[in-house]
Amino acid sequence: MPELPEVEAVCRRLREQVVGARIVEARVVRCGTPAIERLAPGRRIESVERRGKHILMGLSGGLALDIHLRMSGDLFVIAGGGPSPASARIWLALAGRKRRAIILDDPRALAVANVLSVAQVEALDKGLGPEPLSGDFTRERFSDAARRSRQPAKLFLMNQRRVAGIGNIYAAEVLFRARIGPRRPIGRLRPSRLAALYSAIVSVLRDAVQSTFIAYSGPGEFRDAETFPLAVYGRERQPCLVCGAKIRRIVQGGRSTYFCPGCQR
DNA sequence: AACACGACCTGGTAGC
DNA sequence: TGCTACCAGGTCGTGT
């Protein structure tokens with residue numbers, strides 16, 4: 001479910017709601033280290049940031065809570081001690097009369113959460129490629145990395161060490177917008193095509209962040225409220241919106257890849 | 001080094 | 001209806 005745009009939407013909502021709040025109790029059923037129960041209570045949430053697909057909640061005392069939603073995770077605030085989903089995995093109760101709590105919900109329980117030191121956050125940061133919507137992500141840097149790789153373009157885009165935050169859906173959509181075949185070895189693309197790919201990464205993600213944030217108003221919303229129009233993902237055998245050719249599905253790295261054989265070369 | 005594949009989990013759905 | 005098989009937006013470890 002969550003790639004960069006969805007994680008960004010989750011972060012923005014959470015930031016509005018919880019920065020400044022104090023955690024009074026933590027319960028971990030699955031998906032997180034038990035250390036969270038010991039280390040989180042008593043700390044104030046100082047920030048909520050996104051790095052790639054990671055959510056980093058800065059806590060007072062120099063720690064950070066690192067949450068990765070993986071395939072089916074979601075993170076949101078409930079109030080009034082109201083019912084939490086059966087698949088809630090982590091509860092962070094917040095101080096105050098409204099009895100609010102941050103919930104990590106994940107039916108598949110694949111999400112992961114850890115308490116990190118400053119040094120560990122730095123290591124996490126170093127292990128990820130540049131943020132595609134930041135100034136760190138330049139055309140030169142992208143082209144240099146791409147030229148040194150023989151990976152199929154799709155797999156390169158999904159590699160978090162190359163660019164942070166792109167997953168299976170947006171890799172497919174980016175390649176469609178750049179009109180590049182997903183199996184093309186990225187290092188053999190002409191400079192003009194690499195430039196087109198770079199531009200497509202930035203524009204697709206920028207558009208998706210915008211529309212996803214508008215659509216995402218609460219728990220589970222982005223699961224159904226997909227307002228970013230997907231041109232190829234999930235559209236096997238349907239006609240291409242540009243040329244009318246039938247969208248194809250292949251498997252790369254064990255994941256489905258959708259593309260238009262007419263538009264993408 | 002680069003790739004394929006299984007493991008981690010649960011739930012939804014297409015097809016028989 | 002009820003079963004089975006496959007599929008799912010991610011990442012890691014292992015093996016070739």
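Reckoned from all heavy atoms, side chains included, excluding hydrogens, waters and symmetry mates. From a predicted model like this one, the values you see are computed outputs, not experimental measurements. Throughout, a chain's letter reflects where its sequence line sits, starting with A, and its residues are numbered from 1.
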Undergrad: A quick test of your reading: do over 12 heavy atoms of other residues, nucleotides or ligands sit less than 6.0 Å from CD of A:Gln210?
TA: no
Undergrad: I'd like to know if the side chain of A:Glu37 and the backbone of A:Pro34 have a donor-acceptor N/O pair within less than 3.5 Å.
TA: no
Undergrad: Rounded to whole angstrom units, what separation is found between the CE atom of A:Met158 and the P atom of C:dC12?
TA: 12 Å
Undergrad: May I ask you to establish whether A:Arg184 and A:Phe156 are in a cation-pi arrangement, using a distance under 6.0 Å from NZ or CZ to the six-membered ring centre and at most 45° from the ring axis?
TA: no
Undergrad: Looking only at heavy atoms, which two atoms of A:Ala88 and A:Asp105 are closest? And how far apart?
TA: N-OD1, 3.5 Å
Undergrad: For DNA chain B, which nucleotides open and close the run of contacts to chain A, 5' to 3', at under 4.0 angstrom from a non-hydrogen atom?
TA: B:dA2 to B:dT10
Undergrad: Return the orientation label for the A:Tyr233 and A:Tyr258 ring planes: parallel under 30°, perpendicular over 60°, tilted otherwise.
TA: perpendicular
Undergrad: Please list all pairs meeting salt bridge (Lys or Arg N to Asp or Glu O under 4.0 Å) that have one or both residues in residues 41-51 of chain A, counting only residues at least two apart or in different chains.
TA: A:Glu8-A:Arg50, A:Arg50-A:Glu131, A:Arg51-A:Asp125, A:Arg51-A:Glu131
Undergrad: Treat each ILVMFWY residue as a node, draw an edge where side-chain heavy atoms are under 4.5 Å apart, and state whether A:Leu59 and A:Leu104 are in one component.
TA: yes
Undergrad: C:dG10 P sits how many Å from A:Leu157 CG, rounded?
TA: 13 Å
Undergrad: Give the rounded distance in Å between these two atoms: CD of A:Gln160 and C1' of C:dG9.
TA: 12 Å
Undergrad: Convert the base pairs of DNA chain C into dot-bracket notation, remembering that pairs crossing earlier ones are written with [ ] and that bases paired across to another strand are shown as |; include only Watson-Crick or G-U pairs under 3.5 Å.
TA: .|||||||.|||||||
Undergrad: Nearest-Å distance, CG (A:Leu4) to C1' (C:dG10)?
TA: 14 Å
Undergrad: Within the sub-3.5 Å range, which N or O atoms of nucleotides 13-16 of chain C have a protein N or O partner, and how far apart are they?
TA:
none

Undergrad: Pick the P atom in B:dA7 and in C:dC6, then give their distance to the nearest Å.
TA: 15 Å
Undergrad: Considering only the P atoms, how many Å lie between B:dC5 and C:dC7, rounded to the nearest integer?
TA: 13 Å
Undergrad: With the criterion being N/O to N/O and under 3.5 Å, what pairs connect the protein with nucleotides 4-8 of chain C, and how long is each?
TA:
unit_1: C:dA8; atom_1: OP1; unit_2: A:Ser256; atom_2: OG; d: 2.4
unit_1: C:dA8; atom_1: N3; unit_2: A:Arg108; atom_2: NH1; d: 3.2

Undergrad: Is there a donor-acceptor pair under 3.5 Å between the side chain of A:Glu3 and the backbone N or O of A:Tyr170?
TA: yes
Undergrad: So what does A:Pro152 hit on the nucleic acid, given a heavy-atom distance under 4.0 Å: a base, only sugar-phosphate, or nothing?
TA: sugar-phosphate
Undergrad: Return the value, rounded to whole Å, for the distance between atom CD of A:Gln252 and atom C1' of C:dG10.
TA: 16 Å
Undergrad: I need the single residue from A:Val19, A:Leu65, A:Val10, A:Ile102 that forms a side chain to side chain contact (heavy atoms under 4.5 Å, CB included) with A:Val48. Which is it?
TA: A:Val19
Undergrad: To the nearest Å, give me how far apart CG (A:Asp106) and P (C:dG9) are.
TA: 14 Å
Undergrad: Not counting sequence neighbours, list each pair that qualifies as a salt bridge (Lys or Arg N to Asp or Glu O under 4.0 Å) and has a residue in residues 193-212 of chain A.
TA: A:Arg177-A:Asp207
Undergrad: For a quick test of reading the model: is some side-chain N or O of A:His68 closer than 4.0 Å to OP1 or OP2 of C:dT11?
TA: yes
Undergrad: May I ask you to verify if any side-chain N or O of A:Lys53 is less than 4.0 angstrom from the OP1 or OP2 atom of C:dG9?
TA: no
Undergrad: Taking atom CZ of A:Arg179 as the centre, report whether more than 12 heavy atoms of other residues, nucleotides or ligands fall under 6.0 Å from it.
TA: no
Undergrad: Got a donor-acceptor contact below 3.5 angstrom from the A:Asn114 side chain to the A:Leu116 backbone?
TA: no
Undergrad: Restricting to non-hydrogen atoms, name the atom on A:Met71 and the atom on A:Pro2 that form the minimum distance, rounded to 0.1 Å.
TA: O-CD, 3.5 Å
Undergrad: Mind calculating the distance between CG (A:Asp74) and C1' (C:dG10) to the nearest angstrom?
TA: 15 Å
Undergrad: Can any side-chain N or O of A:Glu173 pair as donor or acceptor with the backbone N or O of A:Ala231 at less than 3.5 Å?
TA: yes
Undergrad: Expressed as a whole number of Å, how far does the P atom of C:dT11 sit from that of B:dG11?
TA: 22 Å
